[in-house]
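Have a look at the structure below, then the notes.
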Protein chains: 2
Amino acid sequence: MYTIGQVSEMFNLPISTLRYYDKEGLFPGMERQSGIRKFSERELEALRVIECLKKSGLEIKDIKQFMAWCVEGASTYPNRKELFETRKTIVEAEMVKLQKTLDMLKFKCWYYDTAIHDGNEERLNEMLPDKLPPDIQKLYDNAHK
Amino acid sequence: MYTIGQVSEMFNLPISTLRYYDKEGLFPGMERQSGIRKFSERELEALRVIECLKKSGLEIKDIKQFMAWCVEGASTYPNRKELFETRKTIVEAEMVKLQKTLDMLKFKCWYYDTAIHDGNEERLNEMLPDKLPPDIQKLYDNAHK
DNA sequence: CATTGACATAAAGTCAGGTTTAGGTATTAC
DNA sequence: GTAATACCTAAACCTGACTTTATGTCAATG
């Protein structure tokens with residue numbers, strides 16, 4: 001059993017955030033000892049799932065709904081599974097977008113590297129948009145398609 | 001040259017957002033014809049960079065700073081390069097985190113698949129935390145490390 | 001020549017996800 | 001016995017990134 005301060009340290013989250021999550025119903029049935037929250041292994045796993053679902057773009061109110069399903073029991077397995085399947089699809093799409101972003105950033109790094117070397121962008125402007133070095137061209141094309 | 005409406009269609013962004021970006025100084029030196037904004041190829045590339053930098057987590061006011069550097073000329077190449085290097089590092093870290101998120105989601109999909117099949121979580125609880133099928137164990141370990 | 005549609009502005013409003021403030025309790029440390 | 005520390009609540013506040021509202025201009029259409 002952990003206090004809110006210990007959990008705050010463990011997860012590197014402000015205490016105020018943990019209290020906010022609790023207020024929003026993300027720890028249904030969490031124990032208390034004379035008013036003080038007692039975080040058990042169940043709440044730690046809940047917190048891991050919260051961080052995961054948040055990162056997948058889910059809103060707090062929908063995470064609350066998921067936690068309510070967990071309390072409801074086996075009848076909500078299909079709801080929970082569908083939720084994770086949906087989030088998985090969304091995160092996979094997000095990864096593709098982020099890779100495109102990363103390729104743009106890599107291209108710009110090369111671009112300014114070259115600009116610094118040349119002292120101007122003249123040569124670069126002549127190479128754009130389709131006479132870039134092969135590996136750079138790939139980055140540029142993926143970032144601009 | 002494009003009108004705000006055409007750019008809105010091309011980038012699938014609300015007109016209000018484009019006007020907001022302009023107000024925030026993200027299109028320095030954009031032309032106008034009797035008050036009406038004229039988006040040139042320069043503004044379209046700016047918009048691509050805006051989307052990229054936004055996705056990398058940069059705030060509007062810092063994107064504005066970057067656009068100001070672009071106007072300033074060759075003396076700011078190093079500033080611009082450093083900005084992109086920093087964003088690249090941040091996005092690479094983000095990709096690692098997102099992969100961890102994805103592994104958690106994949107694990108949970110398998111988990112509820114199994115729970116639905118079994119009708120309860122008893123067998124699953126016996127397998128946790130280190131007697132999972134090898135491929136699932138990998139997902140679980142990456143998601144929980 | 002009035003209405004429609006696309007453009008413009010300034011200023012107020014919205015929203016999620018916290019964070020801060022103000023005030024209080026309970027336990028341990030000197 | 002008082003001071004520090006860790007916990008508690010309710011409610012107000014904050015922030016960034018838009019979005020909406022209210023009002024107006026201008027060109028082309030019926």
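Per chain, numbering begins at 1; letters A, B, ... match sequence-line order.
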* Asked: For DNA chain D, whose closest nucleotide is more 5', that of A/Thr3 or that of B/Pro14?
  ->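 Going by which nucleotide is closer to the 5' end, it is A/Thr3.
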Give a yes/no on whether any side-chain N or O of [X] is located under 4.0 angstrom from OP1 or OP2 of [N].
X	N	value
B/Lys38	C/dC7	no
A/Tyr21	C/dG18	yes
A/Thr17	C/dT19	yes
A/Arg37	D/dC8	yes

Rounded to whole angstroms, how far apart are [atom1] on [X] and [atom2] on [N]?
X	N	atom1	atom2	result
B/Ile60	D/dT15	CD1	C1'	13 Å
A/Lys23	C/dA16	NZ	C1'	13 Å
A/Arg19	D/dC7	CZ	P	8 Å
A/Ile15	D/dC7	CD1	C1'	8 Å
A/Ile63	C/dA16	CD1	C1'	12 Å
A/Arg32	D/dA6	CZ	C1'	14 Å
B/Glu24	D/dG16	CD	P	11 Å
B/Leu18	C/dA8	CG	P	10 Å

* To do: Could you tell me whether B/Lys54 contacts a base, only the sugar-phosphate backbone, or nothing, with contacts defined as non-hydrogen atoms closer than 4.0 Å?
  =>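 Sugar-phosphate contact only - B/Lys54 comes under 4.0 Å of backbone atoms but never of a base.
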* Using 30° and 60° as the class limits, which term best fits the ring planes of A/Tyr77 and B/Tyr112: parallel, tilted or perpendicular? ->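 The arrangement is tilted - the two ring planes meet at 30° to 60°.
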* Over all heavy atoms of both residues, which pair between B/Pro133 and B/Met127 is shortest? Give the atoms and the distance, please. =>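 Smallest interatomic distance, heavy atoms only, reads CD-CE, 3.3 Å.
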* What's the shortest heavy-atom distance between B/Met104 and A/Cys52, and which atoms? ->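 Looking at all heavy atoms of both residues, the shortest contact is CG-SG, 3.3 Å.
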* Given D/dC8, C/dT19, C/dG18, which nucleotide is nearest the side-chain atoms of A/Ile4? ->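 Nucleotide nearest to A/Ile4's side chain: D/dC8.
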* **Nucleotide of D/dA17, C/dG17, C/dC7 approaching B/Ile36 most closely (side-chain heavy atoms)** =>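 The answer is C/dC7, which lies nearest to the side chain.
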* To do: Taking the six-membered ring of A/Tyr20 (Phe, Tyr or Trp), confirm whether the NZ or CZ of A/Lys23 is under 6.0 Å from its centre and within 45° of its axis.
  =>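 That pair does not qualify as a cation-pi contact.
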* To do: Establish, for the pair A/Lys81 and A/Phe84, whether the NZ or CZ atom is under 6.0 angstrom from the six-membered ring centre and no further than 45 degrees off its axis.
  =>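 Negative - A/Lys81 is either too far from the ring of A/Phe84 or too far off its axis.
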